[in-house]
Colleague: 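First the structure, which I've put down as structure tokens, then a few questions once you've had a look.
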Amino acid sequence: MKFINWGIIGCGDVAEIKSGPAFQRIEHSNLVIVMRRDEAKAKDFAKRHNVPNFSSDAEDILNNEQIDAVYIATPPSTHLEYALKALDAGKLVYLEKPMALDAVEAKQICDAVTKSSGKLTVAHYRRKLPAFLKVKELLDEQVIGNITHVDIQILQPKVADLIAASEENWRLNPQVSGGGYFYDLAPHQIDLMIHYFGPIAAATGFSKQSKNTSKVEEVVNGILSFKSGVQFRGVWNFNVANKSKKDECIIYGTEGTIKFSFFGDSVFLTTENGIETFAFENPKHVQEPMIKATVDYFLNKAENPCPVEDGVLVMELLEKLSGRTV
């Protein structure tokens, strides 16, 4: 295989700018068809992005022998169905986060990957963005000494500007999203912590639910203990005043700190020598570096940039940190 021919299932708001156009920009990658249940919107997407084919039926992608890989960009409620069908058809899969409605479904997908001839990468794309690569580099070089603990604060008002806009706010419908904004945003933070600090020894957490449903967490207070000894505390609050908004991670070491935001493009390094700022510019299509790494993996040129097992762990931690499971 020299080229990866792609089909997108779910060419909605996320695929519009963050990911969709990148499949045509990457070497050895070709976007052949896009699908959306609203055929007129699928046609419109295809026309604007110069995609030759469109459909309102996912089976037109899943059963198409010319399609090598499928990008599943629908809400989480259909991830399990489409991932299992794609893997059963021997397709390569790039799966949006969160990878399923819950950890049970995530494990089903993981089991299917091990039994399939296909491959699967979870779209935790921040792993490949320049600011977060810089954080990994600083950690690997032990610039701030031995890491002792990490503190994350994601504080957002009820109408959070960090959330991708959509025609209907399905993210607050747990039957579609699995949870509320915590399930939508926290995978970005949790996955990077796994990527940076490795295996986890223990996890626990507590939450306050919204008035509407117990499966939409309004405030989450989560604690992790990594096997390396690194301690973690994360607070997610989706009901703060506008003036209280915060998106911040501080990594504390014995010789300094590293501070950054998950939706920003700068990293601040503080040591006894002072404060050093590293500023970066994200690509227009922010998933492009991750998609490139995924194409390389599918072509057997590189390792999996985010294995399915990491996606499962994120789902398990969402449940533990929110107090849903012990």
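All values below were derived from every heavy atom in this structure, side-chain atoms included, with hydrogens, water molecules and symmetry-related copies excluded.
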Colleague: Please enumerate all residues that pass salt bridge (charged side-chain N to carboxylate O under 4.0 Å, His left out) together with Asp296, with sequence neighbours excluded.
Modeller: Lys292

Colleague: Among Ile, Leu, Val, Met, Phe, Trp and Tyr joined by side-chain contacts under 4.5 Å, find the other residues sharing a cluster with Val235 and list them by chain and number.
Modeller: Leu155, Val240

Colleague: Can any side-chain N or O of Arg126 pair as donor or acceptor with the backbone N or O of Phe262 at less than 3.5 Å?
Modeller: yes

Colleague: Test Arg48 against Glu16 for salt bridge (charged side-chain N to carboxylate O under 4.0 Å, His left out), laying out the working first.
Modeller: CA-CA 10 Å; Arg48 288 184 292 102; Glu16 181 63 39; 2.7 Å; yes

Colleague: Treating Ile, Leu, Val, Met, Phe, Trp and Tyr as nodes and any side-chain heavy-atom pair under 4.5 angstrom as an edge, say whether Phe197 and Leu133 lie in one connected cluster.
Modeller: no

Colleague: Is the side chain of Thr270 donor-acceptor paired with the backbone N or O of Gly256 at a distance under 3.5 Å, no angle test?
Modeller: no

Colleague: Do Glu27 and Ser29 have a side chain donor and acceptor closer than 3.5 Å?
Modeller: no

Colleague: For residues 105-113, please give each side-chain donor-acceptor pair under 3.5 Å, one per line with the distance, not counting sequence neighbours.
Modeller:
residue, atom, partner, partner atom, Å
Glu105, OE1, Leu101, N, 3.3
Lys107, NZ, Glu316, OE2, 3.4

Colleague: Aromatic contact between Tyr125 and His188, with the criterion being ring centroids under 6.0 Å apart: yes or no?
Modeller: yes

Colleague: Both conditions, 6.0 Å and 45 degrees, for the charged tip of Lys119 above the ring of Tyr297: are they met here?
Modeller: yes

Colleague: Think Arg171 forms a cation-pi with Phe182, using NZ or CZ under 6.0 Å from the six-ring centre and within 45 degrees of its axis?
Modeller: no

Colleague: Dump the intermediate steps for side chain to side chain contact (heavy atoms under 4.5 Å, CB included) on Gln287 and Glu96, then the final yes or no.
Modeller: CA-CA 11 Å; Gln287 293 207 33; Glu96 263 302 335; 2.7 Å; yes

Colleague: So, Thr254 versus Asn146: side-chain donor-acceptor pair below 3.5 Å or not?
Modeller: no

Colleague: Do Val143 and Phe268 sit in one hydrophobic cluster, given that two such residues count as connected whenever their side-chain heavy atoms are within less than 4.5 Å of each other, even indirectly?
Modeller: no

Colleague: Looking at every non-hydrogen atom in both residues, tell me the closest pair between Val32 and Ile67 and how far apart they are.
Modeller: CB-CD1, 3.8 Å

Colleague: With rounding to the nearest 0.5 angstrom, report the CD to OG distance, Gln231 to Ser225.
Modeller: 4.0 Å

Colleague: Taking Thr148 for the side chain and Tyr252 for the main chain, is one N or O donor matched with an acceptor at less than 3.5 Å?
Modeller: yes

Colleague: For Asn282, is there any backbone N or O sitting under 3.5 Å from a side-chain donor or acceptor partner on Asp265?
Modeller: no

Colleague: Please answer whether the main-chain N or O of Met99 pairs with a side-chain N or O of His79 as donor and acceptor at a distance below 3.5 Å.
Modeller: yes

Colleague: Quick one, Phe226 with Phe232, criterion side chain to side chain contact (heavy atoms under 4.5 Å, CB included). Give me CA distance, side-chain angles, the key distance, then yes/no.
Modeller: CA-CA 8 Å; Phe226 289 86; Phe232 166 93; 4.0 Å; yes

Colleague: If you look at every heavy atom in Val122 and Gly311, which pair is closest and at what distance?
Modeller: CG2-CA, 4.2 Å

Colleague: Applying a strict under-4.5 Å side-chain criterion to I, L, V, M, F, W and Y, I'd like to know whether Tyr196 and Phe278 cluster together.
Modeller: yes

Colleague: Which heavy atom of Gly180 sits nearest a heavy atom of Val216, and at what distance?
Modeller: CA-CG1, 3.8 Å

Colleague: Do Lys246 and Gln156 pass the side chain to side chain contact (heavy atoms under 4.5 Å, CB included) test, and can you show the C-alpha distance, the side-chain angles, and the key distance before you say yes or no?
Modeller: CA-CA 7 Å; Lys246 185 180 285 189; Gln156 295 293 311; over 6 Å; no

Colleague: Look at Asp191 together with Lys97 and state whether they make a salt bridge at an N to O cut-off of under 4.0 Å.
Modeller: no

Colleague: Any salt bridge linking Glu217 with Arg324? Criterion: basic side-chain nitrogen under 4.0 Å from a carboxylate oxygen.
Modeller: yes

Colleague: How many angstroms lie between atom CG of Asn239 and atom OH of Tyr181, to the nearest 0.5 angstrom?
Modeller: 11.0 Å

Colleague: Tell me, yes or no, whether the heavy-atom count around Lys134 atom NZ, taken from other residues, nucleotides or ligands under 6.0 Å, exceeds 12.
Modeller: yes

Colleague: Got a sec: does the CZ of Arg37 have more than 12 other heavy atoms crowding it under 6.0 Å?
Modeller: no

Colleague: With heavy-atom distances below 4.5 Å as the criterion, would you say the side chains of Asn64 and Asp60 are in contact?
Modeller: no

Colleague: Please confirm whether the ring centroid of Tyr71 lies under 6.0 Å from the ring centroid of Phe23.
Modeller: yes

Colleague: Atom NE2 in His124, atom CD1 in Ile194: separation rounded to 0.5 Å?
Modeller: 7.5 Å

Colleague: Are Phe206 and Leu185 linked, directly or through intermediate hydrophobic residues, by side-chain heavy-atom contacts shorter than 4.5 Å (ILVMFWY only)?
Modeller: no

Colleague: Output yes when a side-chain donor or acceptor of Asn304 lies under 3.5 Å from a complementary backbone atom of Leu120, and no otherwise.
Modeller: yes

Colleague: Check the side chains of Trp236 and Gln189 for a donor-acceptor pair under 3.5 angstrom, ignoring hydrogens and angles.
Modeller: yes

Colleague: Examine distances only and state if a side-chain atom of Glu255 and a backbone atom of Gln142 form a donor-acceptor pair shorter than 3.5 Å.
Modeller: no

Colleague: Are Asp151 and Lys259 close enough for a salt bridge, meaning some N to O gap below 4.0 Å?
Modeller: no

Colleague: Between Asn221 and Arg233, is any pair of side-chain heavy atoms under 4.5 Å apart?
Modeller: yes

Colleague: With no hydrogens and no angle check, is any side-chain donor or acceptor of Ser207 less than 3.5 Å from a backbone partner on Ser322?
Modeller: yes

Colleague: Hey, could you give me the CD1/CG distance between Ile144 and Leu138, rounded to the nearest 0.5 Å?
Modeller: 8.0 Å

Colleague: Between Ala42 and Val34, what is the shortest heavy-atom contact and its length?
Modeller: O-CG2, 3.9 Å

Colleague: Going from CG on Asp57 to CG on Asn63, what distance comes out if it is rounded to the nearest 0.5 angstrom?
Modeller: 8.5 Å

Colleague: Do Leu62 and Leu84 share a hydrophobic cluster (ILVMFWY, side-chain heavy atoms under 4.5 Å, transitive)?
Modeller: yes

Colleague: Take atom CD of Glu248 as the centre, draw a 6.0 Å sphere, and report whether it contains more than 12 heavy atoms from other residues, nucleotides or ligands.
Modeller: yes

Colleague: Taking atom OG1 of Thr78 and atom NZ of Lys85, what is their separation to the nearest 0.5 Å?
Modeller: 10.5 Å

Colleague: The test is side chain to side chain contact (heavy atoms under 4.5 Å, CB included); show your working for Gln209 and Glu218 and say whether it passes.
Modeller: CA-CA 5 Å; Gln209 283 71 40; Glu218 189 173 88; over 6 Å; no

